[in-house]
Amino acid sequence: MTPSRAERADPVHVTPDISARYRRILRFAAWHLTLTWWFELVLPRLGMAGIANRSRPKRMRRFAQRFHVLAVELGGLMIKVGQFMSSRLDVLPPEITEELEGLQDEVPPVSFPAIRILAETELGAPLESVFAWVDQTPIAAASLGQVHRAHLLPNDIADTGLNNVVVKVQRPGISEIVDVDLAALRKVGGWLSHIRLVSKRVNAPALVEEFATTSLQEIDYLHEAANLERFATEFADDAGVLVPGVVWERTTRQVLTLEDVTAIKITDLPALRSAGIDPTQIAPVFASIMFDQLFTLGFFHADPHPGNIFLTPVPTAAAGHPWKLTFVDFGMMGEVPPATRSGLRKLLIAAAARDGKGLVAAISNIGVLVPSANTAELERAMTQLFARFGGMGFAELREVDPREFRDFAAEFGDVVRSLPFQLPENFLLIIRAMSLTSGVCSSLDPRFNLWDSVEPYAAQLLREERGNIVKDVAAQMLDAAAGTFRLPKRLDGLLASLEDGSVSVTNPRSERQMARMNRMLRLGVGALIFGALLISGSVVRADDLVLGSVLMGVSVVPLVFGFWAGRRRR
């Protein structure tokens, strides 16, 4: 009987190598969680917060470097995890995101005999009876699959009109690896959900599920083929965009056969110039097509890195310029649903009116803020943003000293990371697509400014939402005027804040209560570190008896400290 996904995710039901992989991921996570708890919770309670603060950037950078090594060694989803973390600017410090930005999904290729076995099993026939020729040397190898060139048989050529194709085949055993990696990540997410320091800022299990959804879609090639055909339909009337055709008869969940549209890599500047193509003319067209996807179609390529975009030379009359933009790899696609688009419009309207409170309300509507978010603090941050840059148009922003942007980004980034919110998956993909688009355009033309392409789309969204910008701003002014009539409600909010303790009132009785709470907190910290070391030791002990036993033994120290600290201050 075929094991279920849950059984395959359980290391008890998989091979020893996979079980070791599961334990190694958990051991890595347990050790670094223990270090974080020690520096971020214990040392400050011992009066050594300065040590923790001074060492934090170095510790975060060292963690990212070690994770980088782990990801490259393990492959599978760990590379994807690193790339995912590099985009979580809302949750993770810059020392981590910057270190992981360059993590590339490039691994040694699988031997062709192993690829042959999987492909023949999926297609139900020997490769020689399915293809006229298959190149045994891959043209691309990634953590989830690799790509080989091939030629179709005469009958298939007659049916499809294609001859040269590429065959994308999953790495053997990758489905099992993905399941085990996700099981390990879910375990770590569960640990984090029980730590208030983390849970009050981010829903760790939800983050893992975001990542799981995207990853499981990427290893389903039928899903990728459906994405490709939908994308092709959206751009059927655009002569400047080329998308490969799908050979459905030679496609399964683990094998994807496509028209070979490989041409000039979009950032291969010498090859472009040799073909008579001016790279600076490509940048605005590429940006325009990407923003059409993001703001008009609502269905977009979320991984437009240079390896997935080609320039195919064509007669000028065919596309308005002597080339077509050719997209490949549709495993990671994003959608901007109507509700999110509406939230984006409201966000832009509030930004146009320089309304910090309105901007926060729009962010809430989109679903960015978690229930514990302190909106007043976020409103103040938004107000600071508008006060500093809000009166500037796009042209003026280009004249601002870049150092001022960097200074503000550092200051504002700390505020953002201190707040309990996270970006929905759609936003992560939008940010990823925009970031990659900006990088490609800058490679094509160092003087290119993305704001020039953003501006017309921002204006279009504003017009679609309320008719025109004047009406939008007027509506914001009307909302502000209506605030006068909401004063009783604001008073009710103040009373509620007093009741829930978010407004501090000093008196001797409350100070005594705070002292008791402080003692309980110290006891709780001791118990937390005790649990962390005990769990870490039990995980590590499976592979390292000495280190695991030491961790479990040392776990008694913070527990005793907690009881002693609590009793000493009674």
Side-chain angles (χ1 to χ4, degrees), residues 2 5 109-176 178 214-239 241-263 299 301-303 307-310 312 314 324-333:
T2 302
R5 177 174 293 277
V110 177
S111 66
F112 187 74
I115 290 294
R116 173 190 286 275
I117 292 172
L118 188 148
E120 291 181 342
T121 301
E122 282 289 299
L123 298 173
L127 287 183
E128 290 76 8
S129 64
V130 178
F131 298 102
W133 169 81
V134 178
D135 188 353
Q136 297 189 18
T137 302
I139 59 174
S143 59
L144 303 183
Q146 62 189 49
V147 182
H148 295 257
R149 284 196 171 95
H151 294 161
L152 293 178
L153 292 168
N155 288 341
D156 289 333
I157 293 175
D159 291 339
T160 64
L162 304 176
N163 181 3
N164 299 328
V165 295
V166 292
V167 183
K168 185 176 179 180
V169 184
Q170 283 188 9
R171 297 178 78 89
I174 193 62
S175 180
E176 186 177 44
V178 166
T214 300
S215 300
L216 292 174
Q217 288 177 350
E218 279 200 76
I219 61 171
D220 183 352
Y221 288 168
L222 292 174
H223 180 79
E224 179 176 345
N227 284 341
L228 187 156
E229 291 213 327
R230 178 179 171 185
F231 188 90
T233 299
E234 297 284 7
F235 283 95
D237 297 329
D238 191 331
V241 176
L242 180 63
V243 180
V246 181
V247 183
W248 283 101
E249 294 79 5
R250 300 291 178 259
T251 295
T252 70
R253 188 175 179 275
Q254 298 184 71
V255 176
L256 176 61
T257 304
L258 303 172
E259 175 186 4
D260 186 357
V261 292
T262 306
F299 181 67
H301 197 300
D303 197 22
N308 288 338
I309 315 294
F310 298 97
T312 303
V314 297
K324 287 188 177 185
L325 275 169
T326 303
F327 290 80
V328 299
D329 195 348
F330 296 85
M332 187 185 297
M333 300 294 292

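Keep in mind that this is a model prediction, so the values were computed, not measured. Along the sequence shown, residues are numbered consecutively beginning with 1.
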Visitor: Would Asn164 and His151 count as a side chain to side chain contact (heavy atoms under 4.5 Å, CB included) here? Give the steps.
Guide: CA-CA 5 Å; Asn164 299 328; His151 294 161; 3.0 Å; yes
Visitor: Does a side-chain heavy-atom distance below 4.5 Å link Asp329 with Lys168?
Guide: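 Asp329 reaches Lys168 side chain to side chain.
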Visitor: With side-chain contact (heavy atoms from CB on, under 4.5 Å) as the test, pick out the partner of Thr312 among Thr326, Val261, Thr262.
Guide: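 The side-chain contact (heavy atoms from CB on, under 4.5 Å) with Thr312 is passed solely by Thr326 among Thr326, Val261, Thr262.
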Visitor: Between Phe310 and Leu242, is there a side-chain heavy-atom distance shorter than 4.5 Å?
Guide: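 Side-chain contact under 4.5 Å: no.
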Visitor: How long is the straight-line distance from CG of Leu325 back to CZ of Phe235, given to the nearest 0.5 Å?
Guide: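 Answer rounded to 0.5 Å: 9.5 Å.
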Visitor: I need the Gln254 CD to Leu222 CG distance, nearest 0.5 Å.
Guide: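 It comes to 10.0 Å.
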Visitor: First locate atom CH2 of Trp133, then atom CG of Asn163, and finally report the distance between them rounded to the nearest 0.5 Å.
Guide: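 If I round to the nearest 0.5 Å, the distance is 10.5 Å.
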Visitor: What distance separates Glu218 CD from Ile174 CD1, expressed to the nearest 0.5 Å?
Guide: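 It is 10.5 Å, given to the nearest 0.5 Å.
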Visitor: Applying side chain to side chain contact (heavy atoms under 4.5 Å, CB included), run through Leu152 and Leu162 and close with a yes or a no.
Guide: CA-CA 7 Å; Leu152 293 178; Leu162 304 176; 4.2 Å; yes
Visitor: To the nearest 0.5 Å, what is the distance between CD1 on Ile139 and CG on Asp260?
Guide: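 Separation between the atoms: 6.0 Å.
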Visitor: With side chain to side chain contact (heavy atoms under 4.5 Å, CB included) as the test, would you mind laying out the steps for Thr233 and Phe299 before giving the verdict?
Guide: CA-CA 11 Å; Thr233 299; Phe299 181 67; over 6 Å; no
Visitor: For Asp156 and Val247: C-alpha separation, side-chain torsions, deciding distance, then whether side chain to side chain contact (heavy atoms under 4.5 Å, CB included) applies.
Guide: CA-CA 9 Å; Asp156 289 333; Val247 183; 5.8 Å; no
Visitor: What distance do Thr252 atom OG1 and Gln170 atom CD have between them, rounded to the nearest 0.5 Å?
Guide: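 If I round to the nearest 0.5 Å, the distance is 8.0 Å.
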Visitor: Please enumerate all residues that pass ring-ring contact (aromatic ring centres under 6.0 Å, His included) together with His301, with sequence neighbours excluded.
Guide: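 Expected list: Phe327, Phe330.
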